[in-house]
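Report on one structure; see the data block that follows.
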Number of protein chains: 2
Amino acid sequence: MAENDRRPPGFPHASDGRQWPPGAVEPRYGTRPTMKDVAARAGVGLKTVSRVVNGEPGVTPDTERRVQEAIDALGFRRNDSARVLRKGRTASIGLVLEDLADPFYGPLSRAVEEVARAHGALLINGSSAEDPAREQELVLALCARRVDGLVVIPAGDDHRYLEPEIKAGVATVFVDRPAGRIDADAVMSDSYGGARSGVAHLIAHGHRRIGFIGDQPRIHTAAERLRGYRAAMEDAGLPVDSSWVSLGSTDPVRVRDAAAAILDGPSPVTAFFAGNNRVTVTLVRVLAERRRRVALVGFDDFELADLLDPGVTVIAQDSAQLGRTAAERLFRRLDGGRSGTERSVLPTRLIARGSGELRPEG
Amino acid sequence: MAENDRRPPGFPHASDGRQWPPGAVEPRYGTRPTMKDVAARAGVGLKTVSRVVNGEPGVTPDTERRVQEAIDALGFRRNDSARVLRKGRTASIGLVLEDLADPFYGPLSRAVEEVARAHGALLINGSSAEDPAREQELVLALCARRVDGLVVIPAGDDHRYLEPEIKAGVATVFVDRPAGRIDADAVMSDSYGGARSGVAHLIAHGHRRIGFIGDQPRIHTAAERLRGYRAAMEDAGLPVDSSWVSLGSTDPVRVRDAAAAILDGPSPVTAFFAGNNRVTVTLVRVLAERRRRVALVGFDDFELADLLDPGVTVIAQDSAQLGRTAAERLFRRLDGGRSGTERSVLPTRLIARGSGELRPEG
DNA sequence: TAGAGCCTAGACAACGTTGTCAGTGGCAGG
DNA sequence: CCTGCCACTGACAACGTTGTCTAGGCTCTA
């Protein structure tokens with residue numbers, strides 16, 4: 001409604017009673033100088049200012065100096081909205097992730113930013129909070145801003161809403177999890193292989209009864225890690241008791257309850273495989289409170305894992321590398337790459353620190 | 001140069017030999033439909049489409065339906081660049097911080113985003129990597145995009161370059177550290193008071209020789225924390241040996257060297273106060289390797305601090321609250337708040353976990 | 001039934017920039 | 001001196017949207 005606070009029509013120059021400090025006539029508060037203003041002040045044409053601002057050739061040093069002086073005097077800054085409107089490219093990319101505050105996404109986000117910066121682009125980002133509706137809302141808002149490309153860590157599993165955008169030329173790369181119901185580039189860690197090797201590691205240290213606590217299997221990575229767990233157990237000819245597996249949320253309270261149920265149940269496990277970062281940390285807390293030592297391997301590394309006692313053995317994925325790879329793919333597309341969609345899988349690495357090498361007790 | 005890939009003039013409808021899958025004639029790759037296209041398809045005027053898209057009143061249900069169908073059929077999405085150009089507001093704010101990958105900034109960034117979202121704005125952000133030149137470059141790029149406001153965690157100490165922008169109406173709030181050489185809103189933690197109480201805590205536990213390892217004092221927070229350290233020592237009538245104080249970078253290698261020099265020097269300390277997060281973590285590692293137990297209080301909390309042995313006593317600051325407060329101030333300004341600049345200081349909280357309660361040894 | 005008043009709808013200009021194109025003047029070569 | 005070329009410069013349209021203003025059709029009342 002503030003749109004209507006303008007001067008009433010018919011009184012184009014009526015005294016509007018504004019009070020500025022005496023010296024501050026130009027520039028006025030809330031009004032920015034345009035190229036036209038600069039041109040007028042420098043006594044040149046509009047286009048000449050444009051040329052100077054963009055470093056285009058064909059301007060005499062003397063003219064350039066006059067323009068530059070006017071720019072500095074007025075505090076002119078080019079309006080990129082107008083530029084974008086005219087040129088069609090925004091030199092910005094969007095990043096949609098689950099939660100900026102999650103330490104897993106910090107390095108990823110930073111890596112994407114660095115690649116963008118190397119290509120002269122800015123990064124606009126937002127958190128979906130794991131909510132598919134919010135993911136869509138964000139993605140479409142970014143498309144309305146006409147970002148040149150998108151890096152998406154999907155929360156939902158149906159991305160058909162992106163089809164018109166992709167068709168219209170918005171390069172899109174999915175990270176960490178694949179897109180749902182559409183064909184698109186994706187860069188992921190090897191969740192299946194990582195989980196499988198982590199569980200195999202526990203088995204190699206003598207464990208027969210191993211629990212798995214992970215996220216809901218509608219999340220691709222969670223499902224893959226579960227699959228890896230089952231595969232490792234099967235490889236070793238070990239049965240999986242359904243009471244050992246918990247696939248709820250990663251909320252600390254629920255993980256705590258699940259772990260307690262598994263450890264206090266009729267067939268307690270001697271080791272856990274944790275499906276992600278947050279589960280691992282909660283399990284570390286839970287296990288620290290118990291007398292009996294339970295082995296633990298977690299998917300995803302975290303800071304200070306080596307300082308705990310015992311150090312936490314993890315399947316590490318390189319989140320910065322995920323981001324970098326995805327962003328590079330994105331810019332390759334923007335630079336004209338029209339090849340078919342690619343799906344890359346980055347390897348994981350087992351880092352043994354102690355918790356995964358505990359022998360079964362009792 | 002792709003600008004020139006257009007159809008040559010004079011052949012407006014020459015066969016251009018493009019090959020689309022038979023059904024996919026419209027929309028064409030790389031070309032987005034505009035309101036004009038929608039209007040043509042729906043058989044209405046341009047402005048009517050605008051009204052429907054923006055939910056403005058004055059459109060018959062029947063007309064609205066026709067327009068909506070055309071929008072869906074064409075996959076139309078409003079071009080916000082044009083909208084911004086016309087309306088003057090971008091509904092986006094910029095966040096410039098030091099490093100997105102630093103866990104301290106995750107929650108801050110997320111908090112700013114949530115507030116922005118509540119006000120219907122998007123967040124554009126970038127990392128300055130502690131480089132003043134890069135900070136300026138980023139800030140000005142954001143201004144060129146015409147963000148409505150800026151939240152800045154300053155890397156440099158001279159922000160006069162922002163004066164024209166602020167005068168032109170870009171609301172700006174500094175976080176964590178104050179602006180340099182200009183008068184601007186700022187939201188900070190109580191570095192001085194926090195450090196002072198942390199050091200007093202160590203003194204209360206019997207320490208007389210206390211080391212301080214922090215960042216370069218050109219950084220405001222670092223200087224304030226050093227000041228708090230000195231004040232606490234002076235309050236207790238304790239001398240400060242200059243060999244106990246190290247003000248270099250927070251780089252692990254240099255912190256490690258500094259700590260070793262202080263502990264192995266002629267007058268070794270029995271406790272450390274760490275100037276920030278990263279220093280604390282490095283000191284935890286260094287001290288864990290030594291036989292003699294050295295007390296430690298760190299500025300800034302971090303995940304798992306309670307799980308270490310001993311738990312790490314810290315002066316906690318609420319980084320999410322910093323971000324929230326700053327963003328709320330920003331939007332209050334944007335909503336017309338024209339009062340003088342404010343500088344808020346948020347309190348810190350001592351969390352005792354063990355490392356700060358160790359008694360001096362030897 | 002005429003006139004006032006309301007509601008819907010569209011024509012048009014403007015936002016600030018950039019690509020195109022045409023105009024100017026200087027200078028070298030014939 | 002004229003011609004042609006070149007370097008420099010500016011007028012103008014266009015990008016896609018929204019605010020303003022006006023036109024036309026309808027209802028309601030006197």
Side-chain angles (χ1 to χ4, degrees), chain A residues 1-10 12 30-40 42-67 71 74 76-91 143-146 168, chain B residues 1-10 31-40 42-67 71 74 76-91 143-146 168:
Chain A
M1 297 303 109
E3 300 305 331
N4 300 328
D5 289 345
R6 306 282 180 85
R7 207 174 278 124
T31 301
R32 306 201 61 129
T34 71
M35 284 192 178
K36 206 165 130 188
D37 300 325
V38 174
V44 301
L46 183 55
K47 180 64 197 187
T48 300
V49 177
S50 172
R51 275 191 265 261
V52 171
V53 169
N54 294 294
E56 288 170 26
V59 181
T60 344
D62 180 59
T63 310
E64 175 164 358
R65 193 185 42 71
R66 286 214 320 281
V67 171
I71 288 175
L74 294 174
F76 167 80
R77 188 98 45 214
R78 178 178 65 197
N79 184 332
D80 273 353
S81 297
R83 170 168 232 252
V84 161
L85 177 59
R86 190 59 238 253
K87 302 199 70 135
R89 282 247 168 151
T90 56
C143 289
R145 302 281 156 122
R146 294 294 187 270
Chain B
M1 298 306 109
E3 299 306 329
N4 300 328
D5 290 344
R6 306 282 182 86
R7 207 174 280 122
T31 300
R32 308 202 61 132
T34 71
M35 284 192 178
K36 206 164 130 189
D37 301 325
V38 174
V44 301
L46 182 56
K47 180 65 198 188
T48 300
V49 177
S50 173
R51 275 191 266 260
V52 171
V53 169
N54 295 294
E56 288 169 27
V59 181
T60 4
D62 180 60
T63 310
E64 175 164 356
R65 192 185 42 73
R66 287 214 320 280
V67 171
I71 288 175
L74 295 174
F76 167 80
R77 188 98 47 213
R78 178 177 67 199
N79 184 330
D80 272 354
S81 297
R83 170 170 232 250
V84 162
L85 177 58
R86 189 61 235 252
K87 302 198 71 136
R89 282 247 169 151
T90 56
C143 289
R145 303 277 156 128
R146 295 294 187 268

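Quick caveat, the model's predicted, so the values are computed rather than measured. Sequence lines set the chain letters: A, B, ... in the order given, protein chains first and strands last, and positions in each chain run from 1.
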Practice task
Using a cut-off of strictly less than 4.0 Å, decide whether B:Asn54 has a side-chain nitrogen or oxygen near OP1 or OP2 of D:dT18.
Solution key: yes
Handout entry: Donor-acceptor pair under 3.5 Å, A:Arg86 side chain vs C:dT18 base
Key = yes
Practice task
Examine C:dG16: is either OP1 or OP2 under 4.0 Å from a nitrogen or oxygen in the side chain of A:Arg32? Give yes or no.
Solution key: no
Practice task
Pick base, sugar-phosphate or nothing for A:Val84, based on heavy-atom distances below 4.0 Å to the nucleic acid.
Solution key: nothing
Problem - Interatomic distance where CG belongs to A:Leu85 and C1' belongs to C:dG19 [whole Å] - result: 13 Å
Practice task
Give a yes or no on whether a donor-acceptor pair under 3.5 Å exists between the nucleobase atoms of C:dG10, that is its base, and the side chain of B:Arg51.
Solution key: yes
Handout entry: Residue-phosphate contact under 4.0 Å: B:Thr63 side-chain N/O, C:dA9 OP1/OP2
Key = yes
Exercise for the section: Report the distance from atom CG of A:Asp80 to atom P of C:dT17, rounded to the nearest whole Å. Expected result: 9 Å
Practice task
Nearest whole angstrom, please: distance from the C1' of D:dC15 to the CZ of A:Arg89.
Solution key: 16 Å
Fill in the blank from the handout: All heavy atoms of A:Ser81 vs all of B:Leu85, minimum pair found to be CB-N, 4.4 Å
Exercise for the section: Return the value, rounded to whole Å, for the distance between atom CE of B:Met35 and atom P of D:dC15. Expected result: 15 Å
Practice task
Would you kindly check whether a donor in the side chain of B:Lys47 faces an acceptor in the base of D:dG19, or vice versa, at under 3.5 angstrom?
Solution key: yes
Exercise for the section: Give a yes or no on whether the backbone of A:Asp62 and the side-chain of A:Thr60 come within a donor-acceptor separation of less than 3.5 Å. Expected result: no
Exercise for the section: Starting at atom CD of B:Glu56, determine the distance to atom C1' of C:dG10, rounded to an integer number of angstrom. Expected result: 14 Å
Practice task
May I ask you to test the B:Val38-B:Leu74 pair for a side-chain heavy-atom distance under 4.5 Å?
Solution key: yes
Problem - Under 3.5 Å donor-acceptor pair, B:Arg83 side-chain atoms to D:dT17 base atoms - result: no
Practice task
Using a heavy-atom cut-off of under 4.0 Å over every strand shown, decide if B:Thr34 touches base, sugar-phosphate, or nothing.
Solution key: sugar-phosphate
Exercise for the section: May I ask you to evaluate whether B:Thr60 reaches the phosphate of C:dT8, defined as a side-chain N or O under 4.0 Å from OP1 or OP2? Expected result: no
Exercise for the section: Using a cut-off of strictly less than 4.0 Å, decide whether B:Thr48 has a side-chain nitrogen or oxygen near OP1 or OP2 of C:dG10. Expected result: yes
Problem - 4.5 Å side-chain heavy-atom contact, A:Arg32 and A:Asn79 - result: no
Problem - Distance in angstrom units between A:Glu64 CD and D:dC8 C1', rounded - result: 13 Å
Exercise for the section: Quickly work out the A:Lys87 NZ to C:dT20 C1' distance and round it to whole Å. Expected result: 14 Å
Exercise for the section: Just call it for B:Val44: base, sugar-phosphate, or nothing, with non-hydrogen atoms closer than 4.0 Å on any strand. Expected result: sugar-phosphate
Practice task
Give the rounded distance in Å between these two atoms: CG of A:Asn79 and C1' of D:dC15.
Solution key: 13 Å
Handout entry: N/O donor-acceptor pair under 3.5 Å between B:Arg145 side chain and B:Thr90 backbone
Key = no
Problem - Sub-4.5 Å side-chain heavy-atom contact between B:Glu64 and B:Val67 - result: no
Exercise for the section: Mind checking B:Val53 for me? I need base, sugar-phosphate or nothing, with any heavy atom below 4.0 Å counting as a touch. Expected result: nothing
